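Note sheet for the following structure.
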Amino acid sequence: MKRPLEMAHEFLAEVVTKEDIVVDATMGNGHDTLFLAKLAKQVYAFDIQKQALDKTQDRLNEAGLENVQLILQGHETLDQFVTEAKAGIFNLGYLPSADKSVITRPQTTIEALEKLCHLLVKGGRIAIMIYYGHEGGDIEKDAVLDFVSQLNQQEYTVVIYRILNQVNNPPFVVMIEKLERYRHG
Ligand SMILES: C[S@@+](CC[C@H](N)C(=O)[O-])C[C@H]1O[C@@H](n2cnc3c(N)ncnc32)[C@H](O)[C@@H]1O
């Protein structure tokens, strides 16, 4: 069976092509940025920690990829850089190798999600990896679940992929697809 992160990546890879603009909302060590850079025309990657940008830049240099704009700003400002996107990924929580008090926060996560949903093209997709074992993680998890559950079903489909019989709050993935056609009724 696929692990949640594999599921998230495959979900995005099914729709992203070399014509597409995509967003990595939480760059971290750059694993998702690199993954998306191989698939897309252009990646916009965000993080609020300089060390994330440095790590990611090294990773991209090593792979010889130049189609990424690394942005040292919160993902809640993504609409200043991107006007449309085919896909996006969020990896919530903290950067394992860094200061564990720097975490994604419900208010800015929801603001970014709202903006990304709005500028997502039809047929576009968003994957949200939810880590919630840390302090404050539960509140963010609930805020995200609440937000996605209220997305209009005529415009979006939202699915959860989650391992149920594993201890220690394993991460799970929420997947959003913006429908090609507005679904009436
Ligand atoms: C779980 S890590 C991301 C892991 C990353 N995707 C990878 O492949 O290594 C979460 C990241 O979100 C960043 N972050 C926290 N608040 C943010 C915000 N408002 N906007 C963008 N990134 C943020 C943290 O600095 C941290 O690097």
Side-chain angles (χ1 to χ4, degrees), residues 2-13 16 21-40 42-63 65 67-82 85 87-120 125-145 147 161-162 168-176:
K2 286 173 207 158
R3 290 179 309 162
L5 185 60
E6 284 176 275
M7 189 63 155
H9 281 184
E10 285 188 27
F11 175 67
L12 301 184
V16 176
I21 292 165
V22 301
V23 171
D24 182 356
T26 50
M27 184 190 317
N29 286 324
H31 296 104
D32 298 325
T33 312
L34 179 67
F35 172 77
L36 289 173
K38 288 178 183 165
L39 299 174
Q42 178 74 27
V43 184
Y44 291 87
F46 295 83
D47 208 292
I48 53 173
Q49 300 192 74
K50 170 84 166 56
Q51 79 173 79
L53 274 76
D54 295 342
K55 259 269 170 68
T56 303
Q57 188 61 64
D58 287 349
R59 206 178 281 287
L60 294 168
N61 290 347
E62 222 167 84
L65 290 164
N67 57 336
V68 182
Q69 190 172 333
L70 302 178
I71 300 160
L72 183 58
Q73 262 182 233
H75 42 221
E76 62 278 11
T77 67
L78 64 87
D79 56 330
Q80 294 173 15
F81 301 89
V82 192
I89 190 161
F90 289 75
N91 225 297
L92 304 181
Y94 57 82
L95 189 58
S97 52
D99 179 352
K100 292 189 175 43
S101 68
V102 182
I103 52 173
T104 51
R105 308 262 172 198
Q107 198 183 335
T108 38
T109 299
I110 300 300
E111 187 179 341
L113 261 178
E114 210 162 20
K115 287 179 172 172
L116 191 55
C117 281
H118 185 68
L119 52 82
L120 202 63
R125 294 178 171 185
I126 301 172
I128 313 162
M129 283 297 303
I130 303 190
Y131 294 82
Y132 61 101
H134 57 286
E135 205 182 322
D138 244 330
I139 297 172
E140 186 177 40
K141 165 180 72 72
D142 291 344
V144 170
L145 289 178
F147 172 77
Y161 182 75
R162 181 175 199 166
N168 296 332
N169 307 315
F172 65 95
V173 59
V174 169
M175 294 172 278
I176 302 172

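Note that ligands are numbered from 1 as they come in the structure, with each ligand's atoms numbered from 1 the same way. Quick caveat: nothing in here was measured; it's all calculated off a predicted structure.
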(request) Could you tell me which residues satisfy ring pair (Phe, Tyr, Trp, His ring centres under 6.0 Å) with H134, sequence neighbours excluded, listed by chain and number? (result) Y94
(request) Give the residue, atom name and distance (to 0.1 Å) of the protein heavy atom nearest atom 10 (C) of ligand 1. (result) N91 O, 3.3 Å
(request) For D24 and T33, indicate whether the former's side chain and the latter's backbone hold a donor-acceptor pair under 3.5 Å. (result) yes
(message) In the structure I gave you, are the side-chain heavy atoms of R125 and M175 within less than 4.5 Å of one another anywhere?
(response) no
(message) Would you say that L116 contacts V82 through its side chain, given a criterion of any heavy-atom pair below 4.5 Å between the two side chains?
(response) no
(message) List ligand 1 atoms under 4.0 Å from D32, heavy atoms only on the residue side.
(response) 6 (N), 8 (O)
(message) Using a 6.0 Å cut-off, check whether atom CZ of R162 has over 12 heavy atoms from anything other than its own residue.
(response) yes
(message) Tell me whether D138 is salt-bridged to K141, with the criterion being a basic N under 4.0 Å from an acidic carboxylate O.
(response) yes
(request) Run the numbers for me: atoms of ligand 1, each under 4.0 Å from some heavy atom of G30, listed by number. (result) 7 (C), 8 (O), 9 (O)
(request) Do me a favour and list the nearest non-hydrogen protein atom to atom 23 (C) of ligand 1 with residue, atom name and distance? (result) I48 CG1, 4.0 Å
(request) Check each atom of ligand 1 against the heavy atoms of Q49 and keep those under 4.0 Å away; list them by number with element. (result) 24 (C), 25 (O), 27 (O)
(message) Other residues, nucleotides and ligands only: do more than 12 of their heavy atoms fall within 6.0 Å of NZ on K2?
(response) no
(request) Considering the heavy atoms of T104, write down every atom of ligand 1 situated less than 4.0 Å from one of them. (result) 12 (O), 14 (N), 15 (C), 16 (N)
(request) Kindly confirm or rule out an N or O of Y131 lying under 3.5 angstrom from an N or O of ligand 1. (result) no
(request) Ignoring angles and geometry beyond distance, decide whether H75 reaches within less than 3.5 Å of ligand 1 through its nitrogen or oxygen atoms. (result) yes
(message) Taking 4.0 angstrom as the limit and counting only heavy atoms of Y94, give me the atoms of ligand 1 inside it, by number and element.
(response) 1 (C), 2 (S)
(message) Counting only heavy atoms from other residues, nucleotides and ligands, does the tally under 6.0 Å from CG of L72 exceed 12?
(response) yes
(message) Considering L34, T26, D47 one by one, which has a heavy atom nearer to atom 13 (C) of ligand 1 than any of the others?
(response) D47
(request) Check ligand 1 against H31 and write out every atom of the ligand that is under 4.0 Å from a heavy-atom position of the residue. (result) 7 (C), 8 (O), 9 (O)
(request) Output the list of atoms in ligand 1 that are nearer than 4.0 Å to some heavy atom of G93, sorted by atom number. (result) 10 (C)
(request) Check whether the ring centres of F46 and F81 lie less than 6.0 Å apart, and answer yes or no. (result) yes
(request) Give the numbers and elements of all ligand 1 atoms closer than 4.0 Å to a heavy atom of M27. (result) 5 (C), 6 (N), 7 (C), 8 (O), 9 (O)
(request) Could you find the nearest protein heavy atom to atom 9 (O) of ligand 1 and give me its residue, atom name and distance? (result) N29 N, 2.8 Å
(request) Check A98 against ligand 1 and report side chain, backbone, both or neither, counting heavy atoms closer than 4.0 Å. (result) neither
(request) Consider ligand 1: state whether an atom of it lies below 4.0 angstrom from any non-hydrogen atom of K55. (result) no
(request) Could you tell me whether the side chain of N91 and the main chain of M129 form a donor-acceptor pair under 3.5 Å? (result) no
(request) Give a yes/no verdict on whether any heavy atom in A112 is under 4.0 Å from an atom of ligand 1. (result) no
(request) Decide yes or no for I110 and V144: does some side-chain heavy atom of the first lie under 4.5 Å from some side-chain heavy atom of the second? (result) yes
(message) In this structure, does ligand 1 have an atom that sits under 4.0 Å from one of the heavy atoms of L92?
(response) yes
(request) Answer side chain, backbone, both or neither: which part of E76 comes under 4.0 Å from ligand 1, heavy atoms only. (result) side chain
(request) Examine distances only and state if a side-chain atom of N67 and a backbone atom of A40 form a donor-acceptor pair shorter than 3.5 Å. (result) yes
(request) Measure the distances from the heavy atoms of A52 to every atom of ligand 1 and state whether one is below 4.0 angstrom. (result) no
